[in-house]
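For ligands, and for the atoms within them, numbers begin at 1 and follow the listed sequence.
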Amino acid sequence: MLSLRPPHTTFPRTSPWLRWGRLGGAAAPHCLSAAAPALAPETAAGPGSVSFPILVNGCTGNMGLSVAEAAVHRGLHLVPVSFSSREKVKRTIQVEQTDIRIYGPSAREDVLSSVADEFPDVIVVDYTAPDSVNSNAELYCKLGLPFVMGTTGGNQQLLYKSVQDSKNYALISPQMGKQVVAFLAIMRIFAEQFPGAFSGYHLEVLESHQASKKDTSGTAKDVIASFEKLGVPYDMNRMVKIRDPDQQLEMVGVPKEHIEGHAFHLYHLTSPDDSVSFEFQHNVCGRSIYAEGTIDAAIFLHRKVQSKDCKRIYSMEDVLREGYMP
Ligand SMILES: NC(=O)C1=CN([C@@H]2O[C@H](COP(=O)(O)OP(=O)(O)OC[C@H]3O[C@@H](n4cnc5c(N)ncnc54)[C@H](OP(=O)(O)O)[C@@H]3O)[C@@H](O)[C@H]2O)C=CC1
Ligand SMILES: O=C(O)C1=N[C@H](C(=O)O)C[C@H](O)C1
């Protein structure tokens, strides 16, 4: 049997992922999202009916395409251009009735500049690659294009600084799934309310994503930051990152049809004497939870820009707090 136990961990036998692995996956509750707190229903500030231009950068990729499709379904005006990291790339992608023209890096600034002139109220959404985060953000800021950054990784400090210095508008979040965002918020509040509550405990973290994912889960990093405030130091190098489809099927219990698009996270805490353990998990199959959350984020940001709100940099928690839940 496959074992995911990394060299330095004492992962308990009761780990749900191992249990699900033994069950062969089929009977397991695969797609449970993190339990969300009961938040306010949609209010006047919530999504409602609105339309504005949206440019999705990274339409050649999985998230870019999902967001572009969700944008059309939600009645937004999809700007028919997107970008690639390659100069020589398939030139158009069809999203519903719209043909999206794909440009290479050398045309990026000219094309975006024309978009800014032609669609002054456009919102840009970025789902590209970790190594593009900072250069893309700098360009959006230079051209005054408000953006939703869904792409993870890059230099996050520099990302925030670019937005602050330019006084541009941006919503930045490594996690757009609203129920998962609520879970992250709970962990943050938990840590603020009870700092050091888990001092001495030992933390193990496992995350499983499609093999094409390049970086470590940004969501896991966020949860770990809360655990650290709760008194549990964690070396990121110890995180178990599962990208192998066979392990995902047999051990993690990812349904076959979601091997190419899933995000399973498991955090396990053990007390110093092993007498107490806690487990938190959030398992997402597919990408619709992120695509829908991204459209809510874009609508939220559009409203902030239109009202000339002074905060300018937002998180997904800000979106939830304004009634965009569920
Ligand atoms: N915030 C959230 O909730 C979520 C965040 N993500 C994050 O989104 C990012 C993308 O994920 P995913 O769609 O699965 O990845 P994919 O690899 O499927 O797609 C990324 C796409 O970005 C394109 N790309 C790379 N560099 C550039 C660039 N400089 N300019 C324009 N396009 C570029 C690539 O196309 P090409 O090869 O043509 O350049 C590729 O098609 C990752 O960082 C991931 O972690 C994913 C899911 C949810
Ligand atoms: O690449 C993905 O797929 C995902 N990336 C985000 C992350 O790194 O946290 C969010 C989710 O895990 C899916």
Side-chain angles (χ1 to χ4, degrees), residues 33-34 55-70 81-93 100 102-109 111-112 124-140 147-154 156 159 171-181 183-184 205-225 236 239 241-243 248 254 258-266 281-298 315-316 319:
S33 291
L55 185 156
V56 182
N57 192 4
C59 272
T60 56
N62 289 303
M63 273 310 300
L65 186 58
S66 300
V67 171
E69 287 169 350
V81 299
S82 189
F83 302 91
S84 163
S85 63
R86 295 168 286 161
E87 288 298 347
K88 287 188 180 159
V89 71
K90 189 182 160 203
R91 288 292 151 193
T92 57
I93 285 181
I100 309 280
I102 310 295
Y103 292 89
S106 60
R108 224 170 41 131
E109 184 158 355
V111 173
L112 277 176
V124 175
V125 171
D126 192 295
Y127 276 105
T128 57
D131 60 4
S132 308
V133 164
N134 295 104
S135 59
N136 283 357
E138 269 161 36
L139 184 56
Y140 307 144
F147 65 95
V148 173
M149 180 58 76
T151 313
T152 49
Q156 291 285 306
L159 172 59
L171 188 148
I172 301 166
S173 178
Q175 177 57 250
M176 295 288 179
K178 291 187 286 183
Q179 285 72 21
V180 184
V181 173
F183 169 70
L184 299 179
V205 181
L206 288 88
E207 58 99 327
S208 172
H209 285 80
Q210 62 280 354
S212 59
K213 182 167 175 64
K214 296 186 176 76
D215 58 339
T216 303
S217 166
T219 306
K221 288 182 190 165
D222 194 323
V223 175
I224 288 165
M236 292 287 179
M239 197 186 307
K241 287 179 271 183
I242 303 162
R243 300 286 182 269
Q248 292 171 340
V254 179
H258 294 297
I259 288 295
E260 290 186 5
H262 71 275
F264 280 31
H265 293 78
L266 178 63
Q281 59 176 300
H282 47 94
N283 299 334
V284 172
C285 292
R287 297 183 171 88
S288 59
I289 188 174
Y290 315 122
E292 293 302 329
T294 303
I295 300 302
D296 287 339
S315 68
M316 271 310 271
V319 177

Ligand 1 contact on N57 by region, counting heavy-atom pairs under 4.0 Å: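 It is the side chain that gets close, since no backbone atom is under 4.0 Å.
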Part of S132 within contact of ligand 1 (heavy atoms, under 4.0 Å):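 The part of S132 near ligand 1 is the side chain, not the backbone.
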Element-labelled atoms of ligand 1 that are located less than 4.0 Å from some non-hydrogen atom of [X]:
| X | result |
| --- | --- |
| A129 | 25 (C), 26 (N) |
| K213 | 44 (C), 45 (O) |
| F83 | 31 (C), 32 (N) |

Among protein heavy atoms, which sits nearest to [atom], and what does the distance come to when rounded to 0.1 Å?
| atom | result |
| --- | --- |
| atom 24 (N) of ligand 1 | T128 CB, 3.9 Å |
| atom 8 (O) of ligand 1 | Y127 CD2, 3.3 Å |
| atom 5 (C) of ligand 1 | G150 O, 3.0 Å |

T128 OG1 to M63 CE distance, which is reported to the nearest 0.5 Å: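 Atom-to-atom, T128:OG1 and M63:CE are 12.0 Å apart.
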Step-by-step side chain to side chain contact (heavy atoms under 4.5 Å, CB included) determination, R287 to Q210: CA-CA 11 Å; R287 297 183 171 88; Q210 62 280 354; 3.7 Å; yes
Taking the side chain as C-beta and beyond, is there a heavy-atom pair between [X] and [Y] under 4.5 Å?
| X | Y | value |
| --- | --- | --- |
| F83 | N136 | no |
| M239 | I224 | yes |
| R108 | L139 | yes |

Distance-only N or O hit between ligand 1 and R287, under 3.5 Å: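 R287 vs ligand 1: no N/O contact under 3.5 Å.
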Y290-ligand 1 polar pair, N/O distance under 3.5 Å: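 Between Y290 and ligand 1, no N or O pair is found under 3.5 Å apart.
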Whether S173 lies under 4.0 Å from ligand 1, heavy atom: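 Yes, that is the case, since the closest heavy atom of the residue is under 4.0 Å from the ligand.
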Whether P174 lies under 4.0 Å from ligand 1, heavy atom: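 Contact present.
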Give every pair formed by an N or O atom of ligand 2 and a protein N or O atom closer than 3.5 Å, one pair per line with both atom names and the distance to 0.1 Å, or write none.
unit_1, atom_1, unit_2, atom_2, d
ligand 2, 1 (O), K213, NZ, 3.0
ligand 2, 3 (O), Q210, NE2, 2.8
ligand 2, 5 (N), K213, NZ, 3.3
ligand 2, 8 (O), K213, NZ, 2.8
ligand 2, 8 (O), G218, N, 2.9
ligand 2, 9 (O), S217, OG, 3.3
ligand 2, 9 (O), G218, N, 3.1
ligand 2, 9 (O), T219, N, 2.8
ligand 2, 9 (O), T219, OG1, 2.5
ligand 2, 12 (O), H209, NE2, 2.7

Set of residues satisfying ring-ring contact (aromatic ring centres under 6.0 Å, His included) with respect to Y140, sequence neighbours excluded: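 Listed in chain order: F147.
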